[in-house]
Protein chains: 2
Amino acid sequence: MAQKIKLSTIAESLGLSTATISLALRDSPLVANDTREKIKEQARALGYIYNRRAASLRTSRSGIIGVVVHDIMNPFYGEILKAIETELDRSRHTFILSNHYDSVEKQRTFIETLLQLGGDGVIMSPAIGTPIEDVRLAEQNGMPAILVARSMEGVDLPTYRGDDSYGISLATNHLIGLGHRAIAMIGGTDQTSTGRDRYQGYVDALHRANIEVDANLRIPGPRTMQGGFEAAVYFLSLPQKPTAAVCWNDLVAIGLMNGVARAGLVPGVDISVTGYDDLEQASISTPSLTTVSNGQAEVGRLAARALLDRLEGSHEPDGIHLIKPEMRIRQSTGLYRPRA
Amino acid sequence: MAQKIKLSTIAESLGLSTATISLALRDSPLVANDTREKIKEQARALGYIYNRRAASLRTSRSGIIGVVVHDIMNPFYGEILKAIETELDRSRHTFILSNHYDSVEKQRTFIETLLQLGGDGVIMSPAIGTPIEDVRLAEQNGMPAILVARSMEGVDLPTYRGDDSYGISLATNHLIGLGHRAIAMIGGTDQTSTGRDRYQGYVDALHRANIEVDANLRIPGPRTMQGGFEAAVYFLSLPQKPTAAVCWNDLVAIGLMNGVARAGLVPGVDISVTGYDDLEQASISTPSLTTVSNGQAEVGRLAARALLDRLEGSHEPDGIHLIKPEMRIRQSTGLYRPRA
DNA sequence: CTGAAAGCGCTTACAG
DNA sequence: CTGAAAGCGCTTACAG
């Protein structure tokens with residue numbers, strides 16, 4: 001590797017000062033047009049690489065934004081990230097990504113690393129059990145935080161997520177409308193706000209239809225395709241003989257349908273199944289999945305915008321911003337028919 | 001936010017010099033045990049945050065490693081990334097991730113950003129059409145590059161990927177062994193080394209079995225579940241009435257099976273389908289997918305190790321390191337039976 | 001075992 | 001419109 005090119009290299013080669021070079025490269029109107037062009041030309045010719053660390057040490061702005069979610073391999077988060085990426089790209093921010101796999105430790109390490117790098121802000125879907133201090137750590141060191149997909153009690157941060165309780169009630173009502181009565185709820189956990197809200201939405205919908213809530217019809221836990229697949233056997237063996245399942249998300253629903261099919265029953269005919277999220281693969285599963293659109297793209301876009309606005313000084317109101325979910329009716333749900 | 005705590009803050013509060021503080025925090029043996037403990041204690045008490053930008057400006061090592069692949073939402077890359085993450089985590093490196101979506105521009109912007117941040121190295125799955133200069137740009141500025149999943153002609157970089165030609169021949173031979181003769185190849189592109197190698201492996205396997213290669217049985221393009229799903233109609237309408245399909249990857253295969261099922265045929269019985277990659281979802285699709293394990297985890301792990309080794313000065317040999325693929329036989333392939 | 005001083009490569013008032 | 005100088009917060013020889 002050749003001699004390192006820096007501002008002073010360019011300055012000397014042109015007989016100017018580093019101040020002028022610096023200003024020119026950042027398109028300051030303080031530099032004459034001719035000079036600016038000459039400087040940019042020379043920078044290109046020499047293969048100059050801007051040293052952001054030096055700049056950011058001086059300005060205390062790094063252009064780095066951190067994003068930490070449960071698992072980027074989960075397409076639900078993937079779709080949120082894609083929207084965030086699109087939004088940040090156009091503002092020339094670099095984003096640093098991490099999974100926390102619901103480990104509070106891993107999440108804290110990430111926040112600390114981000115602070116060390118001088119991150120300008122962080123978008124997070126907080127890990128289960130995140131202590132308030134960990135979020136405060138960011139804020140107190142001048143790094144604003146925005147929450148996505150999950151809320152946190154006791155902090156007043158801008159939070160963008162779907163209206164889970166309403167969304168799950170759409171799915172539950174849809175099944176009730178088709179004549180189902182023994183409706184199981186599969187997946188999710190009480191440890192997240194999302195989990196509690198969805199279960200509550202399901203319970204409320206049943207109540208409104210005067211259907212007794214049977215706690216044994218709740219199968220908590222599964223959040224993945226594998227989880228849904230494995231839950232199928234247990235689901236089918238329930239003595240209540242449920243004819244429908246409200247699933248935690250599309251992955252669980254698709255896994256469950258595969259499990260049901262493997263057991264010789266036909267999903268959408270013998271067993272009605274709803275998903276949640278409306279992932280890209282929901283419409284092409286077999287049968288195509290009736291689900292609830294959860295507005296991931298909107299969540300990501302709004303969260304990124306909110307953070308960028310904050311960095312520019314304009315202060316969006318704090319608190320929870322709920323995205324309205326929408327029903328997507330496809331082939332995985334059908335009229336009630338009793339189990340053989 | 002309170003007063004910024006820096007080394008000198010700690011130094012003054014303890015009546016020591018910043019040099020001592022710096023050494024103590026990094027566990028230098030030059031500092032007495034008692035002093036070190038006192039310093040660490042005080043750093044914690046004051047809520048000191050290490051400024052990596054300042055340190056890296058001085059040492060010209062940032063602890064940042066960049067990773068750029070086609071699309072992190074594709075589980076194939078997701079599995080590679082997960083392995084890289086695991087490996088880098090234990091060496092306390094931060095990794096910056098980006099998709100290039102096969103845009104050479106986006107990829108170059110990423111490399112430039114990484115250089116500006118003083119990245120220590122980069123792991124990349126090069127975008128289609130990547131010019132050699134873009135990779136050289138990294139190397140010439142002291143940022144070693146490692147390639148994964150795709151090779152590049154004309155550069156002598158360490159490259160980790162599966163043996164595609166051999167892998168696809170395993171799948172093709174398996175179908176031939178079941179009695180299939182009209183075997184289509186669905187998906188992929190001649191624009192990547194992987195695409196060319198896989199097609200070649202398929203052609204070679206047919207030749208070896210004295211089966212004439214029919215160019216019309218190749219349906220290039222699809223790389224996603226959606227793509228496989230959409231290809232199903234065309235595939236089923238081919239006048240050669242193929243009874244089997246070697247798919248570009250698991251996603252295409254699963255999409256195709258869904259499309260085949262939607263058309264009223266039974267995948268694994270009427271139409272045999274093989275995938276590639278052995279993603280987690282391959283074993284739980286309906287029917288479970290016969291596929292080729294592509295060693296993603298191994299690719300990611302080895303690539304990360306190779307980069308870390310290089311950063312520590314030991315020089316692994318350059319060139320292509322092929323991971324041996326393995327056949328996974330499941331339910332999506334069955335004995336030949338003529339199409340109705 | 002600890003300290004004083006220089007320097008990493010920028011940007012930003014301040015002069016002119 | 002351009003330049004000289006200070007300083008961002010570290011680390012690293014060099015002294016003692």
Side-chain angles (χ1 to χ4, degrees), chain A residues 1-40 42-43 46-64 113 115-120 141-142, chain B residues 1-40 42-43 46-64 113 115-120 141-142:
Chain A
M1 143 174 108
Q3 185 66 35
K4 201 95 187 171
I5 310 297
K6 45 193 173 180
L7 283 193
S8 63
T9 319
I10 304 178
E12 281 162 24
S13 79
L14 291 175
L16 291 167
S17 75
T18 58
T20 305
I21 310 294
S22 171
L23 293 169
L25 291 179
R26 283 172 300 133
D27 289 320
S28 161
L30 292 174
V31 179
N33 280 342
D34 291 5
T35 319
R36 175 164 9 94
E37 285 318 308
K38 206 173 7 167
I39 289 173
K40 289 198 166 184
Q42 181 74 341
L46 292 174
Y48 170 68
I49 287 169
Y50 179 66
N51 188 327
R52 280 213 213 189
R53 286 141 15 191
S56 125
L57 185 57
R58 184 61 228 255
T59 63
S60 70
R61 261 214 161 195
S62 64
I64 291 177
T113 301
L115 285 170
Q116 295 179 356
L117 291 170
D120 292 337
N141 287 283
Chain B
M1 143 173 109
Q3 185 66 35
K4 200 94 190 173
I5 311 298
K6 44 193 174 184
L7 283 191
S8 63
T9 320
I10 305 177
E12 282 163 24
S13 79
L14 292 174
L16 292 168
S17 75
T18 58
T20 305
I21 311 293
S22 171
L23 292 169
L25 291 180
R26 282 172 301 133
D27 289 320
S28 161
L30 292 174
V31 179
N33 280 343
D34 291 4
T35 318
R36 175 162 11 93
E37 285 318 308
K38 206 176 1 168
I39 289 173
K40 288 199 168 185
Q42 181 75 341
L46 293 175
Y48 170 68
I49 288 169
Y50 179 66
N51 188 328
R52 281 214 212 186
R53 284 137 25 190
S56 123
L57 185 57
R58 183 61 226 255
T59 63
S60 70
R61 262 213 161 196
S62 64
I64 291 177
T113 301
L115 286 170
Q116 295 179 355
L117 291 169
D120 292 337
N141 287 282

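Each chain gets a letter, A, B and so on, in the order its sequence line appears, and its residues count up from 1.
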*Asks:* Given that L23(A) and T18(A) both sit by DNA chain D, which one's nearest nucleotide is further toward the 5' end?
*Replies:* L23(A)
*Asks:* Report the distance from atom CD1 of I49(A) to atom C1' of dC8(C), rounded to the nearest whole Å.
*Replies:* 16 Å
*Asks:* Just call it for G15(A): base, sugar-phosphate, or nothing, with non-hydrogen atoms closer than 4.0 Å on any strand.
*Replies:* sugar-phosphate
*Asks:* Without decimals, in angstroms, what is the distance between N33(A) CG and dC1(D) P?
*Replies:* 8 Å
*Asks:* Run the side-chain contact (heavy atoms from CB on, under 4.5 Å) check on E12(A) and I21(A) step by step: do they pass?
*Replies:* CA-CA 10 Å; E12(A) 281 162 24; I21(A) 310 294; over 6 Å; no
*Asks:* As a test of reading the structure: which of dC10(D), dG9(C), dT11(C) is closest to the side chain of R58(B), going by heavy atoms?
*Replies:* dC10(D)
*Asks:* Below 4.0 angstrom from OP1 or OP2 of dT2(C), is there any side-chain N or O of T35(B)?
*Replies:* yes
*Asks:* Considering only dT2(C), dC10(D), dT12(C), which nucleotide approaches the side chain of Y48(B) most closely?
*Replies:* dC10(D)
*Asks:* If you look at every strand shown and take non-hydrogen atoms under 4.0 Å, does S8(B) touch a base, only sugar-phosphate, or nothing?
*Replies:* nothing
*Asks:* Starting at CG of L7(A) and ending at C1' of dT2(D), how long is that distance when rounded to a whole Å?
*Replies:* 15 Å
*Asks:* To the nearest 0.5 Å, what is the distance between CG on L30(A) and CZ on R36(A)?
*Replies:* 10.5 Å
*Asks:* What integer distance in Å separates L14(B):CG from dG3(C):C1'?
*Replies:* 15 Å
*Asks:* Please compare A19(B) and A54(B) by the position of their nearest nucleotide in DNA chain C and report the one closer to 5'.
*Replies:* A19(B)
*Asks:* Among dT2(D), dC10(D), dC10(C), which nucleotide sits nearest the side chain of L16(A)?
*Replies:* dT2(D)
*Asks:* Give one of base, sugar-phosphate or nothing for A32(B), where a contact means two heavy atoms less than 4.0 Å apart.
*Replies:* sugar-phosphate
*Asks:* Would you please test L7(B) and L25(B) for side-chain contact (heavy atoms from CB on, under 4.5 Å) and show each step?
*Replies:* CA-CA 10 Å; L7(B) 283 191; L25(B) 291 180; 3.9 Å; yes
*Asks:* Between L117(B) (CG) and dC10(C) (C1'), how many Å, whole number?
*Replies:* 14 Å
*Asks:* Going from CG on L23(A) to OG1 on T35(A), what distance comes out if it is rounded to the nearest 0.5 angstrom?
*Replies:* 11.5 Å
*Asks:* side-chain contact (heavy atoms from CB on, under 4.5 Å), that's the test. Do I49(B) and K4(B) meet it? Break it down for me.
*Replies:* CA-CA 9 Å; I49(B) 288 169; K4(B) 200 94 190 173; over 6 Å; no
*Asks:* T59(B) has a side chain; which of dA6(D), dG3(C), dT11(D) sits nearest to it?
*Replies:* dT11(D)
*Asks:* Is S60(A) touching bases, backbone alone, or none of the nucleic acid, heavy atoms closer than 4.0 Å?
*Replies:* nothing
*Asks:* Go ahead and name the base partner of dC14(C); Watson-Crick or wobble counts if both distances stay under 3.5 Å, otherwise write none.
*Replies:* dG3(D)
*Asks:* Picking from dT11(C), dG3(D), dG9(C), which would you name as closest to the side chain of S17(A)?
*Replies:* dG3(D)
*Asks:* Could you tell me whether D27(B) atom CG has more than 12 heavy atoms of other residues or ligands within 6.0 Å of it?
*Replies:* yes
*Asks:* With respect to the side chain of T20(B), which nucleotide from dC10(C), dT2(D), dT2(C) is positioned closest?
*Replies:* dT2(C)
*Asks:* Of all the nucleotides listed (dC8(C), dT2(D), dT12(D)), which has the minimum atom distance to the side chain of R26(B)?
*Replies:* dT12(D)
*Asks:* Rounded to whole angstroms, how far apart are CD1 on I39(B) and P on dC1(C)?
*Replies:* 13 Å
*Asks:* Which residue, P29(B) or N51(A), contacts DNA chain C at a nucleotide closer to its 5' end, judged by nearest heavy atom?
*Replies:* P29(B)
*Asks:* Whole angstrom is fine here: how far is it from CD1 in I10(A) over to P in dT2(D)?
*Replies:* 15 Å
*Asks:* Round to a whole Å and report the spacing from CD1 of I21(A) to P of dT12(C).
*Replies:* 16 Å
